[in-house]
Amino acid sequence: MASCCTAKFRFSISYCRAARSPRPFPGSLIHSFPLFHSPFARPMKPTNLRSVSASTEVSAGAASSTPTFSWDDVVRVSQPEFNPNDSSNLRGFFDKIKACNRGAELQSEFLPFVVEDQIVGYIHKGFAENLRSFEDVFILSKDNCDGGKVMLHQSLKSADDRTRAVGEVIKCLAENELIPGIRNELFPVTSSYGAPVFFSLERAAAPYFGIKAYGVHMNGYVEKDKQKFLWLGKRSLVKSTFPGMLDHLVAGGLPHGIACGENLIKECEEEAGIPRTLSSRAISVGAVSYSDIDGHRFKRDVLFTYDLKLPESFVPNNQDGEVESFKLIPVKHVANIIKRTDFFKTNCNIVIIDFLFRHGYITPECFGYLDLLQSLKSGDCS
């Protein structure tokens with residue numbers, strides 16, 4: 001505890017311990033809150049499928065639980081005969097998009113996080129109470145007109161000073177179990193992609209400060225016998241988030257100070273053993289976005305998407321211990337897995353649905369085509 005409680009911050013150890021029971025501000029509206037672009041005008045009922053066995057059921061929101069499904073379960077559920085009547089039904093896809101865009105009705109519980117007159121994030125009023133005693137770092141203002149906001153202390157002028165000061169606060173909050181899963185990886189804090197970076201923030205803290213977070217996700221596919229296949233990964237059981245769940249061949253957050261393309265090449269080597277000679281051929285194909293509120297966490301993510309056509313002879317080989325195993329599965333069967341199960345890490349569903357659109361597996365003949373297409377950018381894609 002002493003490591004984070006320096007004289008630079010006026011707060012007490014007793015407060016930091018008591019901060020686990022946050023006291024929210026009085027209710028207020030946030031006039032400048034970003035809109036949620038949602039196609040879900042009506043409540044959606046669960047898809048009426050034959051249920052997967054209990055040993056293979058996974059909750060999409062239970063990132064910390066350990067699923068028990070195997071590759072055999074994945075293959076079984078993916079087969080067309082498992083449910084022959086859902087070939088053109090998009091409802092399972094809509095359900096997956098909705099799972100990444102929860103909590104729109106809770107917007108008013110968040111305060112804008114403002115740096116240099118720019119809104120860079122949104123902080124839950126309850127969580128903001130944890131910042132009140134760090135008065136040399138954060139200022140919580142209350143305005144009768146806009147409901148208040150959170151700002152950095154005016155003495156923190158440079159990006160380095162802000163990164164250091166906020167980092168000390170994050171360290172203390174983590175020691176008090178208010179921000180779990182510290183990654184020791186910094187994300188840029190900015191108002192939009194390519195805009196000036198005001199400071200850098202620990203990755204695990206990003207959703208608690210509601211900053212825009214960016215990532216790269218790559219679909220690695222193979223063509224053989226006039227059919228397309230996707231390489232899927234099964235996440236390691238020791239991962240702190242979504243252990244044991246299905247994932248892309250390659251995906252990762254975008255840290256501060258590295259370009260998307262170079263970050264993708266790095267992730268290709270670490271996660272799948274793809275050499276630069278292959279990974280440099282990956283094609284940038286766009287981006288998807290989502291906005292998800294879960295308690296004090298507000299994820300405002302944009303994922304840059306890539307496709308890489310791999311040779312039939314290529315077999316992925318994980319290098320960093322974060323992937324348990326890989327399997328090559330027909331794209332049509334991958335679509336069935338998404339529609340019928342919660343086996344995938346939630347945001348992977350969005351990226352693969354985008355792949356299905358671009359490669360002609362979802363066509364305008366499917367009812368809800370345009371609504372689903374629009375929903376791939378449900379968040380603020382900037």
Side-chain angles (χ1 to χ4, degrees), residues 34-49 52 58-61 74 77-78 80 82-105 214-219 221 228-230 232 245-248 251 283-294 299-307 329-382:
L35 295 176
F36 280 71
H37 308 288
S38 174
F40 311 111
R42 297 185 300 271
M44 302 185 66
K45 298 179 181 178
T47 308
N48 184 21
L49 301 178
V52 182
V58 180
S59 170
V74 172
V77 173
S78 74
F82 186 83
N83 185 28
N85 300 317
D86 71 344
S87 59
S88 62
N89 185 352
L90 300 184
R91 186 169 296 276
F93 295 141
F94 274 112
D95 289 343
K96 298 307 184 294
I97 302 293
K98 189 175 181 180
C100 286
N101 292 278
R102 301 168 297 172
E105 71 280 4
Y214 302 90
V216 293
H217 281 233
M218 190 188 81
N219 300 289
Y221 71 99
K228 290 180 182 178
F229 296 73
L230 273 173
L232 305 181
M245 298 189 74
L246 299 186
D247 206 336
H248 290 295
I283 299 173
S284 172
V285 292
V288 298
S289 63
Y290 55 93
S291 295
D292 187 64
I293 293 176
D294 179 20
K299 291 179 68 64
R300 303 166 61 222
D301 293 356
V302 176
L303 307 179
F304 295 103
T305 53
Y306 292 78
D307 285 355
I329 295 181
V331 173
K332 289 183 179 179
H333 292 190
V334 174
N336 290 337
I337 297 167
I338 293 175
K339 286 193 289 187
R340 300 170 180 173
T341 78
D342 291 321
F343 288 171
F344 272 100
K345 178 175 176 283
T346 50
N347 63 0
C348 295
N349 291 311
I350 304 178
V351 178
I352 297 176
I353 293 170
D354 175 67
F355 181 91
L356 297 175
F357 270 105
R358 292 184 291 98
H359 289 259
Y361 292 91
I362 300 176
T363 66
E365 287 71 30
C366 299
F367 180 75
Y369 177 88
L370 290 178
D371 284 341
L372 184 62
L373 182 62
Q374 182 183 19
S375 75
L376 298 178
K377 292 182 174 64
S378 292
D380 178 10
C381 201
S382 67

Exercise. Salt bridge check: are Arg102 and Asp292 linked by an N-O gap of less than 4.0 Å?
Worked result: yes

Exercise. Are any of the side-chain nitrogens in Arg91 or Asp95 under 4.0 Å away from the carboxylate oxygens of its partner?
Worked result: no

For this session: Return yes if a side-chain donor-acceptor contact under 3.5 Å exists between Asp307 and His359, otherwise no.
Result: yes

For this session: Establish, from distance only, whether the side-chain atoms of Asn347 and Tyr290 form a donor-acceptor pair under 3.5 Å.
Result: yes

Whether [X] side chain and [Y] backbone form a donor-acceptor pair below 3.5 Å:
{"X": "Lys96", "Y": "Ile350", "answer": "no"}
{"X": "Asn349", "Y": "Thr346", "answer": "yes"}
{"X": "Ser289", "Y": "Val302", "answer": "no"}
{"X": "Arg340", "Y": "Asn83", "answer": "yes"}

Restricting to non-hydrogen atoms, name the atom on [X] and the atom on [Y] that form the minimum distance, rounded to 0.1 Å.
{"X": "Tyr369", "Y": "Thr363", "answer": "CD1-O, 2.9 Å"}
{"X": "Asn101", "Y": "Ile97", "answer": "ND2-O, 2.8 Å"}
{"X": "Ser78", "Y": "Ile337", "answer": "CB-CG1, 3.6 Å"}
{"X": "Ser375", "Y": "Leu372", "answer": "OG-O, 2.6 Å"}
{"X": "Phe343", "Y": "Met245", "answer": "O-CB, 3.4 Å"}

For this session: Name the orientation class of the two ring planes belonging to Phe304 and Tyr214 (parallel below 30°, tilted from 30 to 60°, perpendicular beyond 60°).
Result: parallel

Taking the side chain as C-beta and beyond, is there a heavy-atom pair between [X] and [Y] under 4.5 Å?
{"X": "Asn89", "Y": "Phe367", "value": "no"}
{"X": "Asn219", "Y": "Arg358", "value": "yes"}
{"X": "Val334", "Y": "Leu232", "value": "yes"}
{"X": "Asn336", "Y": "Val77", "value": "no"}
{"X": "Ile338", "Y": "Ile352", "value": "yes"}
{"X": "Leu373", "Y": "Phe357", "value": "yes"}

Seminar exercise, completed: Interatomic distance, CG@Leu303 vs NE2@His217, rounded to 0.5 Å, equals 4.5 Å

Exercise. Does Phe344 have its ring centroid less than 6.0 Å away from the ring centroid of His248?
Worked result: no

Problem set entry | Full working for side-chain contact (heavy atoms from CB on, under 4.5 Å) between Ile353 and Ile362 | CA-CA 8 Å; Ile353 293 170; Ile362 300 176; 4.1 Å; yes

Exercise. Does a sphere of radius 6.0 Å around NZ in Lys228 hold more than 12 heavy atoms from other residues, nucleotides or ligands, not counting ones at 6.0 Å or beyond?
Worked result: yes

